[in-house]
J.: 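Submitted below is the structure of interest, expressed as structure tokens.
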Protein chains: 2
Amino acid sequence: MITSHNGPQPADFTDVRATNLAVVLRFVRENAPCSRADIAASTGLNKATVSSLVADLIDRRLLRETGLTEHRVGRPATMLVLDGSPYAAIGIEINVDYITAVAVDLKGEELLNWRRSFPGGTSGPGQAVVAMAALARRVVSRMTKEARQVLGLTVAVPGLVDVDGIVRVAPNLGWRDADLAGDLTKALRDPGFPVLVDNDANLAALAEHRFGPHRNAANLVYVTGEMGVGAGIVLDGRLRRGGQGYSGEIGHLELDPAGPVCRCGRRGCLEAVAGVGAILAHTAPDASPSDLELEIDEVVRRARNDDREVLALLENLGRHLGRGMAAVANLLNPEVVILGGYYVPLAPWLVGCAEEEMYGRVLAPGGGGCRLEVSTLGYGAAALGAAARVLDSVDSGRLPAQR
Amino acid sequence: MITSHNGPQPADFTDVRATNLAVVLRFVRENAPCSRADIAASTGLNKATVSSLVADLIDRRLLRETGLTEHRVGRPATMLVLDGSPYAAIGIEINVDYITAVAVDLKGEELLNWRRSFPGGTSGPGQAVVAMAALARRVVSRMTKEARQVLGLTVAVPGLVDVDGIVRVAPNLGWRDADLAGDLTKALRDPGFPVLVDNDANLAALAEHRFGPHRNAANLVYVTGEMGVGAGIVLDGRLRRGGQGYSGEIGHLELDPAGPVCRCGRRGCLEAVAGVGAILAHTAPDASPSDLELEIDEVVRRARNDDREVLALLENLGRHLGRGMAAVANLLNPEVVILGGYYVPLAPWLVGCAEEEMYGRVLAPGGGGCRLEVSTLGYGAAALGAAARVLDSVDSGRLPAQR
DNA sequence: GCTATTTGTTTGGCTATGGAACTAACTAAA
DNA sequence: TTTAGTTAGTTCCATAGCCAAACAAATAGC
């Protein structure tokens, strides 16, 4: 595919072909089932060209013909759909206490979703690589058994991942400067597919952009509330990682210089006043990070029972969150900000006040058209996004070889 | 040029040609003088292709052959340079008290830089359109007299400009929902070149990206300190405008809920604590907006004379500014944040403490590689960027017709 | 003057698009 | 049942524009 954004990148015919193959593939993904004639009419490509492109994609087993249309004037059309069966994309998410693996087919249909508990907190990625490699091998072998070719594997890490895929800092895992992609590739011994690493919020944003209800939005921000708070930024239809890959670090956006002390040492960081930790500090002051999910469940239970203290804490959190999101909305003007992670179960008590604060602070007329929404993708968003990362590279022209 | 970022956009041969023409043009812009052989070697295009492309560009009078190299083994090379003479791009910047017009040639050489005082503050863009049209006509006629073809005109406006070029709100000008591009096109009566409108900070960012000392940075943020504070965001080599075109509104980033009241009604906005108005409120409480420049000169004078009060105010402003820039750096991870507008003359007293605050707050290792710098483009940055906007569309493949 | 070297052009082959004509397969109506 | 009309998809050909290789041109150095 012809990439226009970074300097002199000459184009030739193979680029045209790749671009048009990707155009057809994406069109079918979004409009399946559809006919060759539909594709030609909607994309502007010539009928003959579409036929040639479709034949190519069928050869590569990316598309498949289904039945014909009936009971219409004129020759019935041969309908085309994405062929889900021959390929798989794998996404793995690692966190303090668990590893999640998902596999999806070309359509994005989830093929499997495995979660393994994982005793994190060790002093390096060594054990994690072993555990991830083991899990990945089992996923790959399952996919192979289903006669699927694995297109790629991406790992979502809660930390700073630089442009080369090196994990620079992952505070909750205790990692620094870990070449996870390299180590994992080695552990998998020539896996035959690319292994990538990226930040979890970035990948969750990608998942929303591809699979979420706001998949039409070319500009969206995904904000994840775990122990920390991170964001993934999609602008003009692509993930924006910044100069070194460290974009989206909003956890230490300073909201109130007189606020509570954050674990980073300063006061009033978004994370300290609007992270889920800000609530747990009151309701379960000595919970360990690995009990996070249970503690949140407890908060939800108390909120459901109209526990005054918890409701007040949640409202306070929501207001601070709304202020943070206003900053994001003013700076980036996305169509939507999507709350994920532990913000999801807490959303019923957060979103109202967060919205109120946010809309009141966005300068652009009509709030700049920016809505605040809650993720519907569940906890596995980052893992799903990791798989989506693989599909993205297919969609942008890196098709699997013919035959 | 083949744009890959927004949905199905099929490609054909003319796209390949346009892409490669743009590749050659950009290469020559950055490496002139150079030979056809250089271009082929560096871009990877075939020598024959380069010859054909260069011939085309010479036909369109975008390139010109200069002398030959001498005293080298082998056949001497015909050197190529951008042909500055036959074209011009016009940028106009409108502000409360003045209108600036600049014209540049293809190389970006400034052909003229006119500044007219303009009694703003009226209740609509009508007078401004008349004044701008008059100025534009004079610039155009000067360009025509120099036998230059005008490639386009862009207007920089201090306000929110939506994706269609409508000025939604321009507080200092008192405008709302003004179709400036349309009105100006009408006033110029079929000018024969495109007329565009964009936000001033966006365009200044573009100027930095093309002409500034950090022109290599694919990710940069330009922050302008006028009465308000605005930002222009370049990520992955292109201006990012957000969903509706309202990105970069950092003026009302809330830094301190207990801070001074902002003109927006809330407290502690970046604009209220780190806008130049925050100083003038103390040093010249009843200055009119149109005296801004004089008042800033006075502040600079007092700072040079070690006026304690002013130095303290500047340090305070710098610290707040640094905190705001830390938010930007954490969220976007640009290679550089460039301070412009009235921050430039005040920079000697601001940058030190702003940097200190910023670097201390950026989470990524090594500050994420993000530097804080001061614009060297002067007051006309937005007007220059407006002209650069025109050149950008040429560079991305919209070449003037042959002959 | 001869050779080596480098530049730029010419020629031919190849790929992939677009347009037009054509075949295919159906519905609807006479 | 035949015929006209409609839509789908293929075939054939012209064209654009890339690449590779051969070639012509112009120099330095011996």
Side-chain angles (χ1 to χ4, degrees), chain A residues 1-2 8-24 27-28 31 33-60 63 65-80 397 399 402, chain B residues 1-2 8-24 27-28 31 33-59 63-80 397 399 402:
Chain A
M1 160 156 278
I2 301 179
Q9 294 268 48
D12 64 5
F13 299 116
T14 61
D15 296 317
V16 174
R17 188 69 176 177
T19 301
N20 289 340
L21 285 168
V23 165
V24 172
F27 183 86
V28 177
N31 301 77
C34 62
S35 69
R36 292 169 173 81
D38 293 338
I39 299 173
S42 298
T43 62
L45 288 162
N46 189 283
K47 280 199 296 173
T49 310
V50 170
S51 277
S52 152
L53 292 164
V54 165
D56 205 345
L57 291 170
I58 288 176
D59 262 7
R60 293 169 198 258
L63 295 186
E65 293 186 338
T66 71
L68 305 178
T69 52
E70 283 168 47
H71 309 301
R72 281 193 344 194
V73 176
R75 170 176 167 177
T78 332
M79 299 313 263
L80 299 164
L399 304 185
Q402 208 144 346
Chain B
M1 158 158 280
I2 300 179
Q9 294 268 48
D12 64 5
F13 300 118
T14 61
D15 295 316
V16 174
R17 188 70 177 175
T19 301
N20 289 340
L21 284 168
V23 164
V24 171
F27 184 87
V28 176
N31 301 77
C34 61
S35 69
R36 292 168 174 81
D38 294 337
I39 300 173
S42 299
T43 62
L45 288 161
N46 188 282
K47 281 198 297 173
T49 309
V50 170
S51 276
S52 152
L53 292 164
V54 165
D56 204 345
L57 291 170
I58 288 176
D59 262 7
L63 294 187
R64 195 162 43 85
E65 293 185 339
T66 71
L68 305 178
T69 52
E70 282 168 49
H71 308 303
R72 279 193 346 194
V73 179
R75 170 176 167 178
T78 345
M79 299 313 262
L80 299 164
L399 305 185
Q402 208 144 347

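Proteins get letters first, then strands, A, B, ... in listed order; numbering begins at 1 in each. Values reported hereafter were calculated over all heavy atoms of this structure, with side chains retained and with hydrogens, waters and symmetry mates removed.
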J.: Specify the separation, in whole Å, of atom CG of A:Asp15 and atom P of D:dC18.
T.: 11 Å

J.: Tell me, for nucleotides 6-17 of chain D in 5' to 3' order, what letter each nucleotide earns: B for a base near a protein heavy atom under 4.0 Å, S for only sugar-phosphate near one, - for neither?
T.: BBBBBB-----B

J.: Excluding sequence neighbours, so at least two apart, what forms side-chain contact (heavy atoms from CB on, under 4.5 Å) with B:Arg17?
T.: B:Leu21, B:Ser52, B:Leu53, B:Asp56

J.: With B:Thr78, which residues qualify under side-chain hydrogen bond (donor to acceptor under 3.5 Å, both in side chains), at least two apart?
T.: none

J.: Listed by chain and number, what are the side-chain hydrogen bond (donor to acceptor under 3.5 Å, both in side chains) partners of A:Thr49, not counting sequence neighbours?
T.: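 None.
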
J.: Identify, with sequence neighbours excluded, every residue that meets side-chain hydrogen bond (donor to acceptor under 3.5 Å, both in side chains) alongside B:Arg64.
T.: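 Here the qualifying residues are B:Asp83.
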
J.: Can you name the residues that form a side-chain hydrogen bond (donor to acceptor under 3.5 Å, both in side chains) with B:Ser51, not counting sequence neighbours?
T.: none

J.: Round to a whole Å and report the spacing from CD1 of A:Ile39 to P of C:dG18.
T.: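 Checked: the CD1 to P distance equals 14 Å.
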
